[in-house]
**Student:** 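Here you go, one structure.
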Amino acid sequence: MEHEHVRGVDPVVADALEDEVGRQRDTLSMIASENHASEAVLEAQGSALTNKYAEGYPGERYYAGCEYADEIESLAIDRAKELWGAEHINVQPHSGTQANMGVYFAMLDPGDRILSLDLSHGGHLSHGHPANFAGKLYDVSHYEVDPETGYIDYEDLRETARAFDPDIVVSGYSAYPRAVDFEQVQEAAESVNAYHLADIAHITGLVAAGVHPSPVGIADFVTGSTHKTIRAGRGGIVMSSEEHADAIDAAVFPGSQGGPLMHNIAGKAVGFAEALEPEFEEYAARVVENARALGEALVARGLSLVSGGTDTHLVLCDLRDSHPETAGGDVEGALEDAGIVLNKNTVPGESRSPFNPSGIRAGTAALTTRGFDTEACDEVGELIARVVDSPEDADVRGEVSEAVDRLCERHPIYE
Ligand SMILES: *Cc1c(COP(=O)(O)O)cnc(C)c1O
């Protein structure tokens, strides 16, 4: 990838951009929220639409000159409807957090109650963490996963809902490896007359491909990110029934955003077109198979997974049983040194600090995009386990790093 125009103006940034492409090419991207967007998506996101103000929605903009913005946003909406089957879709949220903000602003007043999964059990900041706007504006309580099984404790969810009387119940998570039972969450929400927001940020691609159950038609609102497993332009999306369409649209613009990022919406349209191709279903199925293979490889080498395995693109490894002296942050750093980029993560019942917690989280969405199969993911599991066993051993890191180089060469991206 050349950045010749940038280089002409700013060689420092051009170098850093090229270094970043090199970094993605030469390391294993295993941060579960990341992927490698196609060059078609990158081109759309880097287009002249970055110049255009298009406040409003297709056919009802506040400024002139929106004919192509209208065409592109309408395509993004139509394709999203085909992918997820929702009645109404807003593709303008700048991010997944903004998508959640759109739903909260549409349906809640400040001080209303949100019930969501605890952050250390796999929830997301925008589900009501005290440091996030949602935690500051609303009254928040949490349900948890069952500490024995690692699965969502739907009984705890029902009981907490009864006691707390929430206005909205949030399902959908950042570090939860198992399929979500949206029907059970819906029942719990309905039993206390609360709305149900299913935030499928991580699994948008898996849901679109039908390899994870869909909350569309069950939950009142579905939000997602568009750059994780779906691999489109960066940003967020809100889905709802027609009944809530006007409230959602008004809450996104002008409620919480100004002009839409039309270049990102173009990236969403292009990525959604790619996801409508039959190959995308195969891709999503392989993502899950690869995560299973990765998880099995880790377990075979003595590591423990939260819930014992995965139904999705991610595995969450709890180091407390197998490596009680080793923290997630130490492993993250050692793995990065060896070319494997994943993240430290809290685990249910966390006993260490969130800055150096007891777990690591790894996803297979990006590796699968560059062609990794189950055999390659088994090898990756073995490499991760070797570093976890000896995070301080520079020789091990060196050997792992050579194996990573060979894997990257066999699975090229952005040539
Ligand atoms: C990633 C994620 C989001 C969106 O995050 P942004 O960084 O704001 O795009 C929202 N909810 C969940 C559960 C997530 O994992």
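Read the numbers this way: they start at 1 and go in the same order the structure lists the ligands and their atoms.
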**Student:** Can a side-chain donor-acceptor contact be found between R234 and N264 if the only test is distance below 3.5 angstrom?
**Tutor:** no
**Student:** Taking all heavy atoms of L117 and all of V145, pick out the closest pair and write down the distance.
**Tutor:** CD1-N, 4.0 Å
**Student:** If we only count N/O pairs under 3.5 Å, is G235 in contact with ligand 1?
**Tutor:** no
**Student:** If we ignore hydrogens and angles and just use 3.5 Å, is the side chain of E55 paired with the main-chain N or O of Y62 as donor and acceptor?
**Tutor:** no
**Student:** In the protein, what heavy atom is nearest to atom 7 (O) of ligand 1, and what distance, to one decimal place, separates them?
**Tutor:** T97 OG1, 4.6 Å
**Student:** Please lay out, stage by stage, how I384 and L342 fare under the test side-chain contact (heavy atoms from CB on, under 4.5 Å).
**Tutor:** CA-CA 10 Å; I384 291 174; L342 47 63; 4.1 Å; yes
**Student:** Atom 11 (N) of ligand 1: which protein heavy atom is closest, and how many Å away?
**Tutor:** D199 OD2, 2.5 Å
**Student:** Compute the shortest N/O to N/O distance between Q98 and ligand 1 and return yes if it is under 3.5 Å, no if not.
**Tutor:** no
**Student:** Consider only side-chain N and O atoms of N51 and H263, and report whether a donor and an acceptor are under 3.5 Å apart.
**Tutor:** no
**Student:** Against heavy atoms of H202, which atoms of ligand 1 measure under 4.0 Å?
**Tutor:** 15 (O)
**Student:** Going through the distances and angles, do H88 and H244 end up as a ring-ring contact (aromatic ring centres under 6.0 Å, His included)?
**Tutor:** CA-CA 8 Å; H88 178 72; H244 297 301; over 10 Å; no
**Student:** Flag atom 9 (O) of ligand 1 as yes if some protein heavy-atom distance to it falls below 4.0 Å, otherwise no.
**Tutor:** yes
**Student:** In ligand 1, which numbered atoms sit nearer than 4.0 Å to a non-hydrogen atom of S95?
**Tutor:** 8 (O), 9 (O)
**Student:** Tell me whether K228 has any N or O atom under 3.5 angstrom from an N or O of ligand 1.
**Tutor:** yes
**Student:** Write out the residue and atom name of the closest protein heavy atom to atom 5 (O) of ligand 1, then the distance separating them to 0.1 Å.
**Tutor:** H124 NE2, 3.7 Å
**Student:** Go through the side-chain N and O atoms of S171 and H196 and say whether any donor and acceptor fall under 3.5 Å apart.
**Tutor:** yes
**Student:** Got the closest protein heavy atom to atom 6 (P) of ligand 1, with its distance?
**Tutor:** G96 N, 3.7 Å
**Student:** Do the side-chain N and O atoms of S225 and H227 include a donor-acceptor pair separated by under 3.5 angstrom?
**Tutor:** no
**Student:** Measure the distances from the heavy atoms of R234 to every atom of ligand 1 and state whether one is below 4.0 angstrom.
**Tutor:** no
**Student:** I need the contact type for S174 against ligand 1. Using non-hydrogen atoms and a strict under-4.0 Å cut-off, is it side chain, backbone, both or neither?
**Tutor:** both
